[in-house]
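Written below as structure tokens is the structure these notes are about.
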Protein chains: 2
Amino acid sequence: MTLKLDKVNRGPHLSTLVASSISREIAQGRLKPGDQLPTEQALATTFGVSRNVVREAIARLRSEGRIWSQQGRGAFVADATNATVLTIDYETLQRADSFRNLFELRGMLEVQIAALAATRRSDADIAAMEQALDGMRTAPYGSVAWLKNDLGFHRAVAEATQNPYMGQFLVFVSERVRESILAAGNQQKSDDMARTTLGEHERILAAIKAGDVKGASAAMTRHLAGAASRVGLPGGEASAKPASPARHSRLRKAMRGQAAG
Amino acid sequence: MTLKLDKVNRGPHLSTLVASSISREIAQGRLKPGDQLPTEQALATTFGVSRNVVREAIARLRSEGRIWSQQGRGAFVADATNATVLTIDYETLQRADSFRNLFELRGMLEVQIAALAATRRSDADIAAMEQALDGMRTAPYGSVAWLKNDLGFHRAVAEATQNPYMGQFLVFVSERVRESILAAGNQQKSDDMARTTLGEHERILAAIKAGDVKGASAAMTRHLAGAASRVGLPGGEASAKPASPARHSRLRKAMRGQAAG
DNA sequence: GCTTGTCGTGTTATCATACAACCCTGATTT
DNA sequence: AAATCAGGGTTGTATGATAACACGACAAGC
């Protein structure tokens with residue numbers, strides 16, 4: 001497990017290995033923005049693969065905005081801000097602080113989205129939320145169907161903002177959070193949890209239905225606090241509300257260590 | 001005259017065209033999750049390109065989590081939630097409502113981030129913000145250096161939350177907003193704007209420095225409202241520019257026979 | 001001196017072909 | 001009937017070749 005990757009470890013495709021190898025060179029600063037990559041032929045020989053595989057890796061990195069290439073000149077490392085895609089790789093997801101940070105981001109989005117949804121929801125949006133809630137009622141807690149409807153509810157809330165990017169971002173973050181939970185693997189189920197969770201959702205729906213902005217965000221905040229405790233996070237800090245101000249120095253130190261990874 | 005070359009020629013690669021074509025088929029529902037894609041050979045002949053090009057496109061879509069493939073079987077459309085990357089394609093960016101929606105999302109993030117930053121900022125974070133502000137003071141309004149420091153300020157605020165994902169998401173959204181502004185192409189500069197914008201930033205910094213949560217979010221809200229009016233958002237909207245006439249090259253011929261886009 | 005045109009070299013973009021690894025199906029064998 | 005094996009189809013990889021393009025060197029012309 002200490003071995004990072006040299007030959008056959010992760011991706012079943014050689015192009016994946018080549019791509020992550022180059023990607024790591026960039027992330028760790030051995031290839032700086034503006035630097036020219038070795039030629040495809042050179043990369044092919046150094047990696048011991050065909051030029052075709054190298055090209056697939058390059059195509060992938062180019063689509064991610066990490067590099068750009070021009071015919072006749074070569075391939076160059078792009079500026080970090082030019083990344084056209086937002087991606088969170090699987091490895092960092094498995095870290096405990098990543099989980100907490102992602103959850104915090106999700107909470108920030110959810111609370112604001114709930115407030116916005118309360119002002120813009122349509123009848124169709126309400127119907128979608130109710131349908132998702134029904135799906136949760138009939139499915140066992142924690143089952144695939146339950147999770148699907150849970151996500152569906154939150155997506156319906158996001159779509160009630162009439163802003164498609166809200167749902168897009170929220171689903172993306174939520175899926176990362178879910179993967180992170182699965183990676184941690186510490187979830188215990190009980191009928192009690194099912195009832196509590198359902199009740200939280202119902203309160204959110206009621207507030208949105210009533211057009212109660214403050215009530216919607218408050219209900220969502222409570223739901224997130226409950227969800228946090230259910231997955232073993234220290235509670236109510238999920239919202240954007242300030243928590244204990246005394247702890248930020250210790251927290252900062254922890255974050256500095258992470259930034260190096 | 002200052003020559004602007006920001007408009008990069010988006011993907012003159014055949015693999016890019018093939019990838020977005022397949023991607024569109026998925027997005028518009030003609031290819032549903034679980035469906036099997038045509039074979040690489042079939043795609044190559046229908047697109048009129050070599051199988052190599054198709055493979056680069058497939059590699060790209062696979063890295064985005066849109067499809068998955070298995071040797072000996074074929075390639076299949078993945079579930080939408082399995083997407084490992086969040087991407088906003090260039091075409092939708094040019095629509096006026098996309099701009100407005102993105103701006104709204106950015107504002108939601110910024111305001112919450114500012115509030116959180118006011119509770120968690122460190123001395124180093126403050127220093128980074130001040131440095132960015134200095135950079136804005138010495139650069140002409142709207143110049144590359146000015147924009148760089150503007151983004152740097154907001155990134156510094158995001159990093160003051162001690163949550164790396166905040167900066168990651170905010171920068172991503174902000175860059176899309178900026179591209180969207182460039183696509184619209186209607187920005188007028190004045191020294192007045194420079195002073196106003198700087199003042200708004202200074203108030204944000206002061207509130208964060210003082211640990212004033214409500215003040216920080218209020219100052220950020222004001223800044224965003226000002227920025228919105230400066231890019232002509234509230235009453236008038238960013239004009240939707242018609243697509244520039246595509247240069248006629250051999251490449252486009254490969255796209256014929258493809259569903260109308 | 002300076003510009004302009006041409007050419008050669010190196011690199012990427014694309015094409016074409018071949019083989020290996022693998023999956024699936026169905027006939028053959030046990 | 002069950003296990004085995006052969007065959008075709010598909011993706012994964014390798015290899016070689018050609019076209020398009022960039023860039024510097026060099027010579028020709030002013």
Side-chain angles (χ1 to χ4, degrees), chain A residues 5-22 31 34-78, chain B residues 5 8-22 26 31 34-78 246-258:
Chain A
L5 71 85
D6 260 310
K7 280 301 178 184
V8 277
N9 192 356
R10 213 151 78 87
H13 301 77
L14 289 181
S15 60
T16 303
L17 297 179
V18 173
S20 18
S21 182
I22 298 176
L31 279 174
D35 285 358
Q36 180 168 8
L37 273 75
T39 69
E40 295 179 350
Q41 189 58 53
L43 287 173
T45 57
T46 55
F47 281 116
V49 298
S50 88
R51 188 172 155 239
N52 216 320
V53 170
V54 172
R55 277 197 61 79
E56 284 182 20
I58 299 265
R60 177 171 163 171
L61 295 175
R62 190 173 41 219
S63 86
E64 295 174 0
R66 290 193 153 89
I67 68 175
W68 59 275
S69 61
Q70 191 176 358
Q71 183 172 150
R73 286 189 62 189
F76 304 85
V77 180
Chain B
L5 57 93
V8 290
N9 39 352
R10 273 287 167 168
H13 300 75
L14 289 181
S15 60
T16 302
L17 296 179
V18 173
S20 26
S21 181
I22 298 176
I26 297 175
L31 278 174
D35 284 358
Q36 181 167 9
L37 273 75
T39 69
E40 294 178 350
Q41 189 59 51
L43 287 172
T45 57
T46 55
F47 281 120
V49 299
S50 87
R51 192 177 150 226
N52 218 317
V53 170
V54 172
R55 278 197 60 79
E56 284 183 19
I58 298 266
R60 177 171 162 172
L61 295 175
R62 190 173 41 220
S63 85
E64 294 175 359
R66 289 192 155 87
I67 69 175
W68 60 274
S69 60
Q70 189 177 358
Q71 182 172 150
R73 286 189 61 190
F76 304 85
V77 180
R247 22 176 216 297
H248 281 78
S249 88
R250 193 173 58 80
L251 311 178
R252 301 285 166 178
K253 208 167 55 176
M255 302 298 290
R256 64 149 170 59
Q258 156 74 10

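Proteins come first, then strands; the chains are lettered A, B, ... in the order of their sequence lines, and each starts at number 1. What you are looking at is a predicted structure, and each value in this text was computed from that prediction instead of being measured.
Of the listed nucleotides (D:dG12, D:dA14, C:dT14), C:dT14 has the atom at the smallest distance from the side chain of B:Ser50. Taking every side-chain heavy atom of B:Asn52 into account, D:dT15 is the closest of C:dA13, D:dT15, D:dT11.
Between B:Gln41 atom CD and C:dC15 atom C1' there is a gap of 12 Å when expressed in whole angstrom units. As a whole-Å value, the separation of A:Glu40 CD from D:dA17 P is 18 Å. Rounded to whole Å, atom P of D:dG12 lies 13 Å from atom CG of B:Leu43. Distance CG (B:Leu14) to P (C:dT12): 17 Å, rounded to an integer number of Å. Remark: P of C:dT12 and NE2 of B:His13 are 11 Å apart, rounded to the nearest angstrom. The CD-C1' distance, from A:Gln36 to C:dG10, rounds to 10 Å in whole Å. Atom C1' of nucleotide C:dT14 and atom CZ of B:Phe47 are separated by 16 Å, given to the nearest angstrom. Summarising the geometry, the separation between CD on A:Gln71 and P on D:dC21 is reported as 6 Å, rounded to the nearest angstrom.
Salt-bridge formation is not detected for the pair B:Glu56/B:Arg60: no Lys NZ or Arg NE/NH1/NH2 atom is positioned less than 4.0 Å from an Asp or Glu carboxylate oxygen.
Nearest approach of A:Gly65 to A:Ala78, heavy atoms of both residues: O-CB, 3.4 Å.
Looking at residues two or more places apart in sequence or on another chain, you find no side chain to side chain donor-acceptor pair (under 3.5 Å) involving B:Ser20. Listed by chain and residue number, A:Gln41, A:Ala42 satisfy the side-chain contact (heavy atoms from CB on, under 4.5 Å) test with A:Thr39 (two or more places apart in sequence, or in another chain). With sequence neighbours excluded, the residues that form a side-chain contact (heavy atoms from CB on, under 4.5 Å) with A:Gln70 are A:Trp68, A:Arg73. Looking at residues two or more places apart in sequence or on another chain, you find no side chain to side chain donor-acceptor pair (under 3.5 Å) involving B:Ser63.
Residue order along DNA chain D, read from the 5' end via each residue's closest nucleotide, puts A:Val49 first among A:Gln70 and A:Val49.
When the side-chain nitrogen and oxygen atoms of A:Thr39 are compared with OP1 and OP2 of C:dG10, none of them lie within a distance under 4.0 Å. For the OP1/OP2 pair of D:dC21 and a distance below 4.0 Å, the side-chain nitrogens and oxygens of A:Arg73 include no atom meeting the criterion. Taking only side-chain nitrogens and oxygens, B:Ser69 comes nearer than 4.0 Å to OP1 or OP2 of D:dG12.
If you check residues 53-61 of chain A against DNA chain D, the residues with a heavy atom closer than 4.0 Å are A:Val53, listed by number.
Applying the salt bridge (Lys or Arg N to Asp or Glu O under 4.0 Å) test to every pair with at least one member in residues 38-50 of chain A, sequence neighbours left out, gives these pairs: A:Glu40-A:Arg51, A:Glu40-A:Arg55.
With hydrogens and angles ignored, no donor-acceptor pair closer than 3.5 Å exists between the side chain of A:Arg51 and the base of D:dG16.
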